[in-house]
Every structure is written in C-alpha cells, then in structure tokens.
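Heavy-atom basis, side chains included; hydrogens, waters and symmetry copies ignored. Proteins get letters first, then strands, A, B, ... in listed order; numbering begins at 1 in each.
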Amino acid sequence: VSFEPLIAQLVANAAPVRLVRPARVRLVRWAAATLLFLAPVSLLIGIRPDLTEMLARPGFLWSAASLAVAGLLAAAAAIVLSVPGAERTIAQRGAPVLCAIAWPVLLLSPTGASGAATTPAGVCALLIAAIASGPAWLLHRYVREGASAAPEWSTGLTVLAAACGAALVQQLHCPSNATTHLLSEHVLAVGVLAAGGAALGAVLRRRPARA
Amino acid sequence: MRQAQQGDQEAYASLLSQLTALTRAYAHARVGNVPWTDDVVQETLIAIHRARHTYDPDRPFAPWFYAIASSRLVDVIRRERRIARREVAASASSTPSSGWPECQGVDRSGVRAAVAALPTRQRQIIVQTKFEERSVRDVAVGLRMSESAVKVAAHRAYKVLRLMLRGDREL
C-alpha cells in the first residue's frame, strides 16, 4: 500500500507550528491560577470554626497536605502526558493516585477527623464538583495545548487534580468529622469525579480527533 | 522534524516517508503479520502530523515517535476487537450504512481528494460501493475478499475520511 497521497496531503497542510510551552511553565501557571481561584472561594464559603484545633491534629494536617500534593502531582502528570514520550516513568501517573489514596487513610486515622455529621447530605459532594470545575477547565486547556497519547489518563488526572484542590477547600470548610460523611461525600466525590474524567478520556480516545 | 516544524515541506515529506517504513516495521515486530498494519501506519502518520508541535527539538526523537506509534497501535488493536465483536453481532446486515451524512455540504472535490489519499484497498472499496454504487457482495467478489472484510475495511475508511475531511485545516 502506498501512503504517498496521504503524505502529500499532510505535507501540503504543514504550516510552521508554534511549539507547545514547556510542562513546568504550564504547571506553574495552572498552580498559580488555581491558588488565586481557590483562596477567595475558600473565604467565600467560609472556614470551619474549629480549624485551628483541627490543624493541631497530625492526621488532619497530613491529610490536607496529601490532598495538596496529590493535586499538584496529578496536574504535573496530566501536563507531562500531553507531550508524547515525555513521561519518564509510570510512577509519574501512580504517585498522585497513591497520594490521593493516602488522604482518606490519614483523614480517618485516630489523629484525623472524628465526630458527628453536621452538614446536610449531598452538599459537600456538590460543592466539591462545583469548585473543581474551574481548575479542571483551566488544566484541560493546558493539557490540550499538547497532544496526549493517553487521553484517559490525561483527563482522569486533570479531574483528579482539580477535585483534590476542591476537596482541600471543602475540608477546611466542612465542620463535619463523621467518618461516613467524609467517606460518602468528600472521598467518594473525588473518586467518582476522577473516574468520570478517565471514562470521558477513554471515550475521547475512541473518537476521531476533530479540528 | 525540526525543519518540518518550521514549515520545510521537503524535509517533512522525507521524514514521513521514513516513518512509514519504520512504523510498519514496528507494528510487524509487535503484532506480526496482520491485515491492519496499514491502518496503524495511516493513523500514526496522521497523529504525528497533529502532534508535531509537541516535539521538543532538544530531546531525542525516538521516544516521541514510538510513544505515538505505540498509542496508535493499541488503539487499532482495540478497534479491531470491537469491530470483530460487532461483526459477529451484526452479521445479518448485508450492506454497510447507506448514505454519507457526514459529507453532506462538503466540497465533492475535497471528498474525492480524501478518497484518493486512502490506501489502495480502502480506496477501491469506497469507490466501488459509494461512487459506483455496487453491492458489498459484488465488491467482495471482485476484490476476492469476504463480505465482512469489505465492511470492516469500509468502516475503517469512513473513519479516516471523517478525520481527514473534518480536520482539513489541521491536516
């Protein structure tokens, strides 16, 4: 089979291209923009009244830190994946997932959160989804600057990064310490969002790319 | 690739020609002698074209290229499995979907040019089933293929044509 006609058509449409910006530039810009977005959102929805006391608990503090790290690692991995062959090791994808798994483990540890639910069901999950939409959209734009060879991972990690940021804001806001509430509202929301992102990426992978 | 990124068409044509052989060899080494090797080559060339702005000239070319080729290979393998499953389920159907709604409103010369860019076997099938309005059975007999194989090849060709016609500006 000759591919000369296809090559000729590709060559005929080969205008000079502007190279994609380096991954670190896109990551820093996304992180800065997300911080600028989440800080006022956090102030707007309010901070839990016992935050000072909760921050004194190592489990709570470390769980918040693991969320932040998971979000950054997920964003970095999503951006790196947008350049074919740039991923040095599969651990770049695995690290944010492990950090995200560490979050509920630390949160529900004896020195984490414990107590009764005080927030109506569904509110936290909806808030996490709503807050995550902004950073997810922005990160998606940065990822789309490239051409990911693994869209299911790129999209899943994009949503995971944004959901981690939103869950962090919500953790500082939600006064409920009940295990069932934290699992069913906060943790499940992040998991479902990330899985939904990955599923969306898988669908996009099956579809032909559009101009 | 660096020259291609700057718009050097001669260098780009030469690169794509070399990558055609390289992709074919890569697919052959990974999955052996399969009838859809040309699909892998075709999709890899298009993916390289779409992703050419992501190649960093300061980095080696091979990891970038093989990441794309590997991804396309996996996609084609998955698609072949899906098509095979669908073929079993829809074996009662005798003709591929009639009409070509995606191409309505598209310049005919553009469609013909896109068809001309298809690999030989796919091009023959599209020309005979769509332009000459021959039945799948006739085409299958003429090309010494099974009816299922004709439908599968037609399906692949539609996908590539959609990609080429919708992505004309990008291509």
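The distance from the CD1 atom of A/Ile7 to the CG atom of B/Leu45 is 5.5 Å, given to the nearest 0.5 Å. Note: B/Ile46 CD1 to A/Gln9 CD = 8.5 Å, rounded to the nearest 0.5 Å. For the atom pair CG of A/Leu10 and CZ of B/Arg50, the computed distance is 9.5 Å after rounding to the nearest 0.5 Å.
Only the side chain of B/Pro57 has a heavy atom closer than 4.5 Å to any heavy atom of chain A. Proximity to chain B (any heavy atom under 4.5 Å) is shown, for A/Ala86, by both the backbone and the side chain. Interface residue B/Tyr55: only backbone heavy atoms are found under 4.5 Å from chain A. For chain B, the nearby part of A/Ser82 is the backbone; its heavy atoms alone come within less than 4.5 Å.
Nearest heavy-atom pair, A/Pro84 versus B/Trp64, reported as atom, atom and distance to 0.1 Å: O-CD1, 3.2 Å. Residue A/Pro5 comes nearest to B/Ala116 through the heavy atom pair CB-O, 3.6 Å, listed as atom of the first residue, atom of the second, then distance. Taking both residues in full, the closest heavy atoms of A/Leu6 and B/Gln42 are given as CD2-CG, 3.8 Å, listed atom of the first, atom of the second, then distance. Here the closest non-hydrogen pair linking B/Ser17 and A/Glu4 is OG-OE2, 4.0 Å.
Residues of residues 17-25 of chain A lying under 4.5 angstrom from chain B, judged on non-hydrogen atoms, are A/Val17, A/Arg18, A/Leu19, A/Val20 by number.
Considering only heavy atoms from C-beta on, B/Asp56 stays 4.5 Å or farther from A/Val83 through its side chain.
Comparing B/His53, B/Gln5, B/Gln6 by how many heavy-atom pairs each has under 4.5 Å with chain A, the most go to B/His53. Contact tally against chain A (heavy-atom pairs below 4.5 Å) for B/Val74, B/Val41, B/Ile68: the top residue is B/Val41. Ranked by heavy-atom pairs under 4.5 Å with chain A, the first of B/Ser71, B/Ala67, B/Ala62 is B/Ser71.
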